[in-house]
Colleague: 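One structure, as structure tokens, below. Some questions next.
Order of the sequence lines sets the chain letters (A, B, ...), proteins ahead of strands, with each chain counted from 1. No hydrogens, no waters, no symmetry mates; every other heavy atom, side chains included, goes into these values.
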Amino acid sequence: MKNNTESHDESAHGTHITSNKEHYSTLAALLLLTVLTVSISVFGANLRSLTVATAMLIATVKVIVVAYYFMHLKFEKKIYTWLVLLVIVLFLSFLILTSIEYLNR
Amino acid sequence: MEHHSGLVLPNSGHNRDAEASKLGMWLFLFTEFLLFGGLFIVYMVYRMLNPEAFLTASYQLNVTLGAMNTVVLLVSSMTIAMSITAIQQGNSKRSIQLLVFTVAASLVFLVIKYFEWSAKIHHGLFPGMDVFNRLPHGEGLFFYLYFFMTGLHALHIIIGAIFIVVVIFRTKNGLLNADNYSHTENAGLYWHLVDMIWIYLFPLFYLIH
């Protein structure tokens, strides 16, 4: 991050340039989470509902990592984060309303 | 050099707006997210109604091939992010190389998907085939959703790959460079969305045992 060319570019364009080192670490984190989710599923098959919850949790962490670093949400204007949150709230309310209807059958 | 001063006037002959272009891409991605989101809710409801059948049917899928495709997409997501770094630093050649690698990865993904689908079709599990028709109700639903959702996702892979090929040619022609790379950025955003959808599809269909 403290690379010379980068700080120069940042001041010139006002945009963040992600270094390859950051890209490698992001990929390493994503691959680690994939190994984790596959091994929980393969070796913890008897845990059932717990594996569903953990699989969804790990997938969500992976998606956040992709959005935050690969899609540059971390370095974008705040408006992008707010818009993403708005869409997530919209989706979750639809999901929760559907579940409530199902649970009250 | 007027780009660098940050004082470009609205009507100074620059008919592009990288920020608006990016915002437009994000808005489009939201509609894509809700499209797949709706399908995930359909999956969730049918799964709650047929838990045992979904479990039995999911054992038919090949976890190894699914995991391989996950790795392929994650690596390609990194290479396209790196190609944006390269073009921002003015290295068009490296940017093109990384984009070519990403397209190659998309082809690997599709080839693996082809083998997976062929195996299922060989076993008569495609909707309408003999084995499929004799499946219990819930298992049939699982395969309907499997083919529809992975099929729609594969279609997105193809569109994303075409988008990246266009960006490769535009970079080659010098239309995209360190001062104008919003197409590269948008192709990247689209590709990451395709990756994100797969991140959910993979555990939902292959891993939930």
Colleague: Looking at A:T26, A:L90, A:L31, A:I58, which makes the most heavy-atom pairs under 4.5 Å with chain B?
Modeller: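 Highest number of heavy-atom pairs under 4.5 Å: A:L31.
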
Colleague: Could you give the distance from CG (B:L201) to CE (B:M149), rounded to the nearest 0.5 Å?
Modeller: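 Answer rounded to 0.5 Å: 5.0 Å.
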
Colleague: Name the region of A:L73, side chain, backbone, both or neither, that has any atom closer than 4.5 Å to a heavy atom of chain B.
Modeller: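 For A:L73, side-chain heavy atoms alone lie under 4.5 Å from chain B.
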
Colleague: If I measure from the heavy atoms of chain A, does B:T70 come under 4.5 Å with its side chain, its backbone, both, or neither?
Modeller: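 Just its side chain gets close to chain A.
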
Colleague: Give a yes or no on whether the backbone of A:T37 and the side-chain of A:S41 come within a donor-acceptor separation of less than 3.5 Å.
Modeller: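 Looks like no, no N/O pair under 3.5 Å.
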
Colleague: For B:K22, enumerate each residue passing the side chain to side chain donor-acceptor pair (under 3.5 Å) test, keeping only those at least two apart in sequence or located in another chain.
Modeller: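 Here the qualifying residues are A:E76.
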
Colleague: For B:L49, is it the side chain, the backbone, both or neither that has a heavy atom under 4.5 Å from a heavy atom of chain A?
Modeller: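 Looking at B:L49, backbone and side chain both touch chain A.
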
Colleague: Measure centre to centre between the rings of B:H153 and B:Y200, then say whether the value is under 6.0 Å.
Modeller: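 Ring centroids of B:H153 and B:Y200 are no less than 6.0 Å from each other.
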
Colleague: Is it the side chain or the backbone of A:Y102 that comes within 4.5 Å of chain B heavy atoms, both, or neither?
Modeller: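 Contact with chain B is through the side chain of A:Y102 alone.
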
Colleague: Do you know which of A:T98, A:T34, A:I88, A:L83 has the most heavy-atom pairs with chain B at a distance under 4.5 angstrom?
Modeller: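 That would be A:L83.
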
Colleague: Looking at chain A, which one of B:A67, B:G37, B:P203, B:G188 has the largest number of heavy-atom pairs inside 4.5 Å, strictly under?
Modeller: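 Top option by heavy-atom pairs under 4.5 Å: B:G37.
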
Colleague: Between B:F142 and B:F205, does the ring centroid distance fall short of 6.0 Å?
Modeller: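 For B:F142 and B:F205, the ring centres are under 6.0 Å apart.
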
Colleague: Just verifying a value: how many Å separate A:L85 CG and A:Y80 OH, rounded to the nearest 0.5 Å?
Modeller: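 Separation between the atoms: 15.0 Å.
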
Colleague: Give, as side chain, backbone, both or neither, the part of A:V35 having an atom under 4.5 angstrom from any heavy atom of chain B.
Modeller: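 Neither part, no heavy atoms under 4.5 Å.
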
Colleague: Does any heavy atom of chain A fall under 4.5 Å from the side chain of B:L29, the backbone, both, or neither of them?
Modeller: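 Just its side chain gets close to chain A.
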
Colleague: Please state whether the rings of B:W198 and B:F109 are parallel, tilted or perpendicular, taking 30° and 60° as the class boundaries.
Modeller: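 If you compare the ring of B:W198 with that of B:F109, the planes turn out perpendicular.
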
Colleague: For chain B, which of A:F94, A:F91, A:Y69 has the most heavy-atom pairs under 4.5 Å?
Modeller: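 Answer, by heavy-atom pair count under 4.5 Å with chain B: A:F91.
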
Colleague: Quick one: do the B:T79 and B:T102 side chains pair a donor with an acceptor below 3.5 Å?
Modeller: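 Note: B:T79 and B:T102 side chains meet the donor-acceptor criterion.
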
Colleague: Examine whether an atom of A:Y24 lies under 4.5 Å from a heavy atom of chain B, and if so say whether it belongs to the side chain, the backbone or both; otherwise answer neither.
Modeller: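 Interface part for A:Y24: both.
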
Colleague: Which bit of B:I199 comes within less than 4.5 Å of chain A, counting heavy atoms only: side chain, backbone, both or neither?
Modeller: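 Contact with chain A: backbone and side chain both.
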
